[in-house]
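Please read the structure below before turning to the comments.
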Amino acid sequence: MSVKHMIDDMKCNYVILGASGSIGRMLVGMLESNGCSCVTGVDVGSSWSPCIVKGDILRPDTRVTSALSNANVVVSALSNEVLSSAMDVLLKYTSSDCALIDTLSIKSSYAEVVSAYRGKIGLREVAGINPMFSGDLDPAGRPVAVVQYDGFPYGVTCRRFFDILNRTGARIVEMDPISHDRSMATLQVLVHAGVMAFGRALCDERQDIDTLLTLAPPPFRVMLALVARMTCNRPEVYWEIQRDNPFSDEVRKSLIDSMNCLDGVCKAGDVFSFRDIMESMAQGVVEPRPDLVHLSRRMFGFLG
C-alpha cells in the first residue's frame, strides 16, 4: 500500500450502520485496524465502543445526521427492509459524493431499489459486499462477494474500501446481483434448509441427544455443530435469506424432491437406483475435486 493511500484511508470518514451486529462489529474493527481513524458506528443497540453513536437510522437525531453529513463512505450492515426504508434518509443527509455500500445477503431486490432511486443517488458510488463468513471469524483467506449494480460502476472510493478488504486477507469475488443470488441460493438457502430440517428432526421427544452423542460418528457431530452455529445468530438473518432470495423456492424444492426420491427408492427396495444416486454424486461432485476427500478426512480426524 502506498503512503498516499494510507493517508487517504486515515482521512476518509466511514459510517457503519448496524455497527453492533456481527458484520457491523467486524467492519468497525477491520477499518480501525487498517489505519482508518475516522470510523463512526450507528446502532439502536448498545454502544460497545466509544465510536458508536446510539441512534435509529429511520428516525435520525442530530448525532446521526451529523455523522452522515460528514461521511465519505456509508456501509449499511442492515436488513433489506430497514435499508430500503432508510434510503430517503441516507440520500437526504449524505453528501453527493458519499459512497453507499451494503452488506445484504440478497442483492437483486435491493438492485431494484437502487434503480428506482437512480435520479436521487446521482453521482454517488454504490456497491454491495457479502462476507461469506460470520463476523466473529478472521477474514484472512475467506471469500467476500463484491456486487456491482447496473449503471453504477465502481469508483475510486469503493475500490479503496475493497483494497482494505484485501489487506485483511479476504478474497474478493466480483459478481452481478443475479449471479450473486443464484449462488447464495445454493450456498446458503439450500445448506441452511438442510441443517434446519436435521435440527428439527432432533426435536422429536423420542430422540435422546445426550445418548446419541456418546455414540455419534463425525458426520453427526458436524451436523449438530452446524445447528448450534445457526442458533447462535439471530433468526431474522436466516429468515431473510430463506424468504427474500428469488431462487429460494427453487432450491428448497430441489432438496424436497431429492429427499422424496431417496424415500421412494428405499420404500421400493430399489438398490440399483440407490447405487445410481451414490454414483452420480461421486462422478458429478467428488471425483473432479479430490481435495474434498482429504478435507473430510482432516475434519473427521479432528472430531474423532
Side-chain angles (χ1 to χ4, degrees), residues 1 5-80 82-83 86 89-90 93-95 98-105 110 124-147 157-172 232-234 236-237 240:
M1 178 178 59
H5 279 178
M6 184 179 297
I7 294 172
D8 288 341
D9 288 342
M10 291 180 67
K11 289 181 178 179
C12 190
N13 286 308
Y14 286 92
V15 171
I16 310 299
L17 304 178
S20 290
S22 171
I23 296 300
R25 283 176 179 256
M26 179 195 73
L27 291 170
V28 170
M30 177 190 74
L31 292 167
E32 290 183 335
S33 64
N34 277 274
C36 301
S37 57
C38 301
V39 181
T40 303
V42 176
D43 201 286
V44 295
S46 59
S47 299
W48 55 274
S49 166
C51 77
I52 306 299
V53 171
K54 189 170 183 178
D56 186 348
I57 188 61
L58 298 180
R59 291 177 290 275
D61 57 21
T62 54
R63 294 179 302 169
V64 174
T65 58
S66 175
L68 292 176
S69 65
N70 291 319
N72 301 114
V73 181
V74 174
V75 186
S76 301
L78 304 169
S79 69
N80 181 46
V82 174
L83 177 54
V89 171
L90 286 175
Y93 291 106
T94 57
S95 64
C98 176
L100 305 176
I101 301 174
D102 70 86
T103 65
L104 296 169
S105 298
Y110 183 63
R124 293 175 178 85
E125 296 179 36
V126 180
I129 66 169
N130 186 4
M132 298 303 296
F133 53 93
S134 181
D136 59 353
L137 298 176
D138 183 353
R142 303 183 192 276
V144 177
V146 170
V147 172
T157 305
C158 281
R159 291 196 179 280
R160 188 172 294 136
F161 177 75
F162 300 155
D163 284 343
I164 294 174
L165 291 176
N166 276 318
R167 294 204 295 271
T168 68
R171 292 188 293 108
I172 300 295
C232 287
N233 294 319
R234 295 181 298 108
E236 291 79 11
V237 172
E240 185 172 286

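Since we're looking at a predicted model, the values are computed, not measured.
For the pair N13 and V15, the minimum side-chain heavy-atom distance is 4.5 Å or more. With a 4.5 Å cut-off on side-chain heavy atoms, T40 and V28 do not count as touching. N80 is listed as a side-chain neighbour of E240, based on a closest heavy-atom distance under 4.5 Å. Put simply, the side chain of I57 reaches to within 4.5 Å of the side chain of L68, judged on heavy atoms. Two residues are said to be in side-chain contact when any heavy atoms from C-beta on lie closer than 4.5 Å; V147 and I129 fail this criterion.
Across every non-hydrogen atom of I16 and A19, the tightest pair is O-CB, 3.6 Å. Closest approach of S79 to L104, counting heavy atoms only: C-CD2, 3.6 Å. The minimum heavy-atom distance between L58 and V82, with the atom names listed, is CD2-O, 3.9 Å. Across T94 and R124, no two heavy atoms sit closer than the pair O-NH2, 3.0 Å. Scanning both residues, P60 and V89, for their nearest heavy atoms gives CG-CG1, 3.8 Å. Here the closest heavy-atom approach between residue F161 and residue L27 is recorded as CZ-CD2, 4.2 Å.
Listed for the E125 side chain is no donor-acceptor partner under 3.5 Å among the backbone atoms of L100. Using modelled atom types, no side-chain atom of R142 and backbone atom of A170 make a donor-acceptor pair closer than 3.5 Å. Put simply, the side chain of D61 gets close to the backbone of V64: a donor and an acceptor are under 3.5 Å apart. The backbone N or O of S76 lies less than 3.5 Å from a partner atom in the side chain of T103, making a donor-acceptor pair. Between the N72 side chain and the C98 main chain, no donor and acceptor come within less than 3.5 Å of each other.
One finds the CG atom of L78 at 12.0 Å from the CD1 atom of I23 (value rounded to the nearest 0.5 Å). In this structure, R25 CZ and M30 CE are separated by 15.5 Å, a value rounded to the nearest 0.5 Å. Atom OH of residue Y14 and atom CD1 of residue I101 lie 7.0 Å apart, to the nearest 0.5 angstrom. In this structure, the separation between CZ on R167 and CG on L165 is 9.5 Å, given to the nearest 0.5 Å. Taking CG of L31 as the start and CE of M26 as the end, the distance is 9.0 Å to the nearest 0.5 Å. We find the CG-CG distance between N130 and D102 to be 8.5 Å, quoted to the nearest 0.5 Å.
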Assess whether side chain to side chain contact (heavy atoms under 4.5 Å, CB included) is satisfied between T157 and V73, documenting all intermediate values. CA-CA 8 Å; T157 305; V73 181; 3.3 Å; yes
Show your working on side chain to side chain contact (heavy atoms under 4.5 Å, CB included) between N166 and I172 and close with a plain yes or no. CA-CA 7 Å; N166 276 318; I172 300 295; 3.4 Å; yes
Between E32 and S37, does the side chain to side chain contact (heavy atoms under 4.5 Å, CB included) criterion hold? Intermediate values first, please. CA-CA 6 Å; E32 290 183 335; S37 57; over 6 Å; no
Side chain to side chain contact (heavy atoms under 4.5 Å, CB included) between L90 and L83: does it pass, once the steps are laid out? CA-CA 9 Å; L90 286 175; L83 177 54; 3.8 Å; yes
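For the pair R59 and D56, the salt-bridge criterion is met [side-chain N within less than 4.0 Å of a carboxylate O].
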